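All remarks here apply to the structure that follows.
Chain letters run A, B, ... following the sequence lines, proteins first, then strands; residues in each count from 1. When reading the values below, keep in mind they use all heavy atoms of this one structure, side chains included, and skip hydrogens, waters and symmetry mates. Since the model is a prediction, treat every value here as computed from it, not as a measurement.
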Number of protein chains: 2
Amino acid sequence: MLAIRTAVPVPAMAHTHRRGKSKAHVQRALQEAERLCQARNTQLTELRRRVLEIILNSEAPPGAYAILDQLKSDGRAGAPPTVYRALDFLLGEGLVHRIASANVFVACLHPADSHSSQFLICKDCGRISELDSQALSYAINERAEQQDFKVDTQLVEVIGHCSACQKSGSAQPVSH
Amino acid sequence: MLAIRTAVPVPAMAHTHRRGKSKAHVQRALQEAERLCQARNTQLTELRRRVLEIILNSEAPPGAYAILDQLKSDGRAGAPPTVYRALDFLLGEGLVHRIASANVFVACLHPADSHSSQFLICKDCGRISELDSQALSYAINERAEQQDFKVDTQLVEVIGHCSACQKSGSAQPVSH
DNA sequence: ATAGGTATGTTACGTTATAACTACCGAGAC
DNA sequence: GTCTCGGTAGTTATAACGTAACATACCTAT
């Protein structure tokens, strides 16, 4: 009851983090990440880049241990801290987001822009799409400030059923 | 980096889940819970009631294991499933909310009403206040539906610094 | 070359959550 | 009565998620 979980493989969903399809899309995202890190003078090391790539290539957002499994299957050494440190870096750079309700990580679609962290999470297939409404973000800040609350970060997670899964009628959970 | 954590004792904060102060407030909430469960023909058992009471009495929202510790110190038998099952019931009845970013649980302030699940979470003291803006909730639904997404539940968590902690200048984390 | 910083490897552990099975208890069927 | 059925709770074990602490490697600036 506490977390959103899913389990098997599937087709496609519009405007979604449906990686593993377009290598081109992934390559573009990785280049963008390189560019940003260079501009910021931070180190997108091979490991960090690879973790980002794994996330980008996942059909549904992977958890830390799913990422770790992939690193291991690369033949690379690894333990949980390996992944969590890379994730901390990527989170810090705004290159990935953490989905708190599901303990998974998604690549940010527009890492150069401001960071709202608003997501639609499909219960059926596990896929996540970004909402990214500035209006919403403003509304939240405004409401918080009415209570003299100083906002650091926002987190909006909408849980339900994506367009594709509604059509297909039944759950079609995706592998992580 | 992944979760919000806190640690020590403190003063008060307006419009907040600052339980342990007013027994009367807690009693009212418990009676309301009884009433709702009767109306719904669901069982607010002694255990479930006690878990709700523990949450209501906590200065800052407790995690499952903090609740478990209190159950044990009541002299009651207990293991994690004891708590998680009670929490599942209370979550299902809308009597408590889960704060995903911190893995803690808060009592709902208006369990009879609709359920937005919008919170202000203070990094310093760990206390959580409910936002409860229908306008916000509508805006989120609207935005989601623009993408043909069928909304089940929403989750808004705003992380920052509460009014009291801003004034006091420094962190004053509260005990769970 | 070596001292200092950053990144990663490694071991161990802490925290959060669930699976699976057992036991108990109350209500209705008979 | 007692049977059995559904729901609640006890119990054991383990899965899943995350971090602390320390060792190592590597780069680079003096």
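For the residue pair B:Asn141 and B:Gln154, a side-chain donor N or O sits within less than 3.5 Å of a side-chain acceptor on the partner. Side-chain contact check for B:His110 and B:Glu130: at least one donor-acceptor pair (N or O, by modelled atom type) lies under 3.5 Å.
At a threshold of 4.0 angstrom between heavy atoms, the contacts of B:Thr82 include nucleobase atoms, whether or not backbone atoms are also involved. Within 4.0 Å of B:Ala77, counting heavy atoms only, lie sugar-phosphate atoms of the nucleic acid but no base atom.
Of the two residues contacting DNA chain D, namely B:Gly78 and B:Thr42, the nearest-nucleotide position lying further toward the 5' end is that of B:Thr42. Nearer to the 5' terminus of DNA chain D, by closest-nucleotide assignment, is the contact made by B:Arg76 (compared with the other of B:Tyr65 and B:Arg76).
Classification of A:Glu46 and A:Arg49 as a salt-bridged pair fails, no side-chain N sitting under 4.0 Å from a carboxylate O.
Remark: side-chain polar atoms of A:Ser58 are not paired, donor with acceptor, to backbone N or O of A:Pro61 under 3.5 angstrom.
The nearest whole Å value for the distance from the CG atom in A:Leu68 to the C1' atom in D:dT19 is 14 Å. When the C1' atom of C:dT8 is taken as reference, atom CG of A:Asp88 falls 14 Å away, rounded to whole Å. A straight line from CG of B:Leu47 to C1' of C:dC25 spans 15 Å, rounded to a whole angstrom. To the nearest angstrom, P of D:dG7 lies 17 Å from CG of B:Leu44. Rounding to whole angstrom units, CD1 of residue B:Ile67 and P of C:dT16 are separated by 11 Å. When the P atom of D:dG6 is taken as reference, atom CG of B:Asn41 falls 17 Å away, rounded to whole Å. Here the C1' atom of nucleotide D:dA9 and the CG atom of B:Leu90 are 14 Å apart, to the nearest Å. Put simply, CD on B:Glu46 is 17 Å from C1' on C:dG26, counting in whole angstrom units.
Nearest heavy-atom pair, A:Leu95 versus A:Pro111, reported as atom, atom and distance to 0.1 Å: CD2-CB, 3.6 Å.
Taking a centre distance below 5.5 Å and an interplanar angle below 30 degrees as the stacking criterion, B:Tyr84 does not stack against the six-membered base ring of C:dT18.
Checking C:dA17, D:dG18, D:dA20 against the side-chain heavy atoms of B:Pro80 singles out C:dA17 as nearest. Here D:dT11 is the nucleotide among D:dT8, D:dG18, D:dT11 with the atom lying nearest to any side-chain atom of B:Ala79.
Not one side-chain nitrogen or oxygen of A:Asn103 sits closer than 4.0 Å to the OP1 or OP2 atom of D:dA16. Put simply, A:Arg85 has no side-chain N or O that comes within less than 4.0 Å of OP1 or OP2 on C:dA7.
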